[in-house]
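One structure below.
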There are 2 protein chains.
Amino acid sequence: MDVTIYEVAKRAGVSIATVSRALRGTGPVAAKTREKVLKAVEELNFTPSRLGVSLAEGRHAANGIVFPDLAGPYYTEVLLGYEEVASELGRSVVILSTKGRTKVNDLIKDLAGRVDGLLIFGHTVPEPLVAELVRLGVRLVFISREPLPGADTLRSENTASAHALAAHLTGHGYERFAFLGAPLTSQDDVDERWQGVRSALGGAIEAVPTREYTVDCGFEAARDLLGGRNRPEAIVCSDDEVALGALLAAEQLGLDVPGDVAVTGWDDIMAARHSRPALTTVRQPMRELGARAARALDELITGVRDTPRHLILTTELVVRSSCGHHPQEVST
Amino acid sequence: MDVTIYEVAKRAGVSIATVSRALRGTGPVAAKTREKVLKAVEELNFTPSRLGVSLAEGRHAANGIVFPDLAGPYYTEVLLGYEEVASELGRSVVILSTKGRTKVNDLIKDLAGRVDGLLIFGHTVPEPLVAELVRLGVRLVFISREPLPGADTLRSENTASAHALAAHLTGHGYERFAFLGAPLTSQDDVDERWQGVRSALGGAIEAVPTREYTVDCGFEAARDLLGGRNRPEAIVCSDDEVALGALLAAEQLGLDVPGDVAVTGWDDIMAARHSRPALTTVRQPMRELGARAARALDELITGVRDTPRHLILTTELVVRSSCGHHPQEVST
DNA sequence: TTGTAAGCGTTATCAA
DNA sequence: TTGATAACGCTTACAA
């Protein structure tokens, strides 16, 4: 955009203040004057410079979001909910993926300088930088991490779902379990899932870590696990993608799921419904997490609320066929 | 961020011009002076305001991207490639999803005012607005649409792949085909796929439109198609998601794929490898499309290049098991 | 109801 | 080598 408020003012024969007022409705403007201004705006195809507006208003009307990687449906879904609500609230969304980046701190600081508030996933941002951001007064909302002072946190319930899942598997009669995708960091969603399942199952479950929570890593780890001497009867996975990898590994080894080994996931991504067998999993409201994050951030930014809030959304056990045979077929 | 260049200048006992020079290395600064400045910057934890910098520099150091919806892996993958390269080039990425939005034009204009250039998918933006953006000199790159003057376009090859796919299916002996997800708009990827397949198959293929290119829509349309009197032997789908829906429909109807009906997709998304049966599809380099778009935009913005360029990336037929039985099993 | 002018936080030109 | 100062494009008291 090239034409400025000065040219509009000149053309309309008024001052720039009047143009601004007429356009924003922020002060009294005579009907006839408004007419002239709007006409000039129309003719010149004027759009106020975002930079000018932001500088004067002291706000960006934009939100940031920091995620490790966009691969996989989980982050995408959250992003979708976030962008939708942000847009409703008149805010753009600036994204930043940290995976494989050097100088993450610089990137995040730059991002923080472009927006009014930040949504951050789990422990994507180094703790010292988080502290600094809080100290600088940057509005922050975290998804999937433990509460901290000075920022909102938002997460899905994990422990109770883990217990429900464990109970369901126990009901199938399984006695030897493995947790595939054992947590690498503590304090995040996966760690809670692991703790929950373990506390319900006791010593009957073994932790099997994966490099990342991806299909490929799940595949590799499951191949070793299932090919080994001590095959578990049921594999509880950290999330659906790892579980899909496990399904693949089982197939390659000629094992039937759930006949030879049961497999469960977590999240309920699209592919969980389309895999064979369909995945038993725990559904978490990914899109809603994003939507709520956008609203929370807005509250923090506008000052409607100034004390941090820590919210936990409920989840739902989705029983499909990968965990064992059920008397009457369940479908979703 | 709160501290300005003035406070740094005062603390260092120099002028703001000197601070700016010292920080950007854009003019001569005495070693001792630089020291003082850096010290003050450090102590005050100063970061130049992005708004101030952008206003003075006359550039945003940010790119925009406009997509219909982020649901599904296609857009995500492209976005991933785009953001990665943009970040390398020192540019942030501002996203805009248009699906379900009223006042799309306003949103897009706002976005255009926040960035130095825009990546736009297909026909997401109304043609008159495209023309206006071109006229205003906004740098534009399109993915998956026909070339137009004043902007770069980038797409994957479709016609030859369609012919290859058709030939492969014909090789299986099929004679009655359906194209599921028939194009609603012309001039985009899906239309090219349809035209390509049809020109190879002649009258033997029937067009079956879907409301959207999603699993659910694919499912619905496929259910009607497969449940009808005139079941095709092979269903060529507009993309993998529609194909996954078709797979689901076949299963629900008790039909074996590929025994009773063959199904093929397009794109080669993650789920295509994990479905049962695994999808025969055409792989297009989604991430590379995004990466190239970012570079193209950068060339346009920096002025390294000023004539539009229209690029077509090659694709690859990926034969798996959903299209029929193969003598020796193919895997990917 | 309208205009003048002081910010907002930088960069960069031009003198000194 | 450094410092005033004029942009950059807007919003918004404050005066008129």
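Values below: every heavy atom of this structure, side chains too, minus hydrogens, waters and symmetry copies. These figures come from a predicted structure and were not determined experimentally. So you know, we letter chains A, B, ... as the sequences are listed, proteins then strands, and number each from 1.
Atom OH in Tyr6(A) sits about 11 Å away from atom P in dA7(D), given to the nearest Å. Taking atom CG of Leu51(B) as the reference point, atom C1' of dT11(D) lies 13 Å away to the nearest angstrom. Distance Glu7(A) CD to dG9(D) C1': 11 Å, rounded to the nearest Å. Straight-line distance from the CD1 atom of Ile16(B) to the P atom of dA12(C): 12 Å, rounded to whole Å. Between Glu35(B) atom CD and dT1(D) atom P there is a gap of 14 Å when expressed in whole angstrom units. In this entry the distance linking CZ of Arg50(A) with P of dG9(C) reads 16 Å, nearest Å. Ile5(A) has its CD1 atom 11 Å from the P atom of dG9(D), to the nearest Å. Atom CD of Glu57(B) is separated from atom C1' of dG9(C) by 12 Å (rounded to the nearest Å).
Between Thr33(B) and dT2(D), a side-chain N or O to OP1/OP2 separation shorter than 4.0 Å is present. In this model, the phosphate group of dG3(C) is approached by a side-chain N or O of Ser15(A) to a distance below 4.0 Å at OP1 or OP2. Ser49(A) has no side-chain polar atom (N or O) that falls below the 4.0 Å cut-off from OP1 or OP2 of dC10(D). When the side-chain nitrogen and oxygen atoms of Thr18(B) are compared with OP1 and OP2 of dT2(D), none of them lie within a distance under 4.0 Å. For the OP1/OP2 pair of dA12(C) and a distance below 4.0 Å, the side-chain nitrogens and oxygens of Arg24(B) include at least one atom meeting the criterion.
Place Gly52(B) and Arg34(A) on DNA chain C by their nearest nucleotides, and Arg34(A) ends up nearer the 5' end. Place Val14(B) and Ala56(B) on DNA chain D by their nearest nucleotides, and Val14(B) ends up nearer the 5' end. Nearest-nucleotide mapping onto DNA chain C: of Gly27(A) and Val53(B), the residue sitting toward the 5' end is Gly27(A).
The pair Lys39(A)-Glu43(A) meets the salt-bridge criterion, with a side-chain N (NZ, NE, NH1 or NH2) lying under 4.0 Å from an Asp/Glu carboxylate O. Under 4.0 Å is where a charged nitrogen must lie from a carboxylate oxygen, and between Glu127(A) and Arg145(A) at least one such pair does.
Side-chain contact of His60(A) with Ser54(A): a donor-acceptor pair under 3.5 Å is absent, judged by distance alone. Defined by atom type and a distance below 3.5 Å, a donor-acceptor pair is present between the side-chain atoms of Arg114(A) and Ser92(B). Side chains of Asp189(A) and Ser144(A): a donor-acceptor N/O pair is present below 3.5 angstrom, by distance only.
Across all strands shown, Ala30(A) has heavy atoms under 4.0 Å from sugar-phosphate atoms exclusively, and none from any base. Across all strands shown, Ser20(A) has heavy atoms under 4.0 Å from base atoms, whether or not it also approaches the sugar-phosphate. Among the heavy atoms of the strands lying under 4.0 Å from Pro28(B) is at least one base atom, whether or not backbone atoms are also near.
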Verify side-chain contact (heavy atoms from CB on, under 4.5 Å) between Ser87(A) and Leu107(B), making sure each step is shown before the conclusion. CA-CA 9 Å; Ser87(A) 181; Leu107(B) 291 173; 3.9 Å; yes
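Of the candidates dG3(D), dT4(C), dT10(C), dT4(C) carries the atom nearest the Ala17(A) side chain, counting heavy atoms from C-beta on. Here dG9(D) is the nucleotide among dT11(C), dG9(D), dT2(C) with the atom lying nearest to any side-chain atom of Leu55(B).
In the interface, the side chain of Arg21(A) is paired with the base of dG3(C) through a donor and an acceptor atom under 3.5 Å apart.
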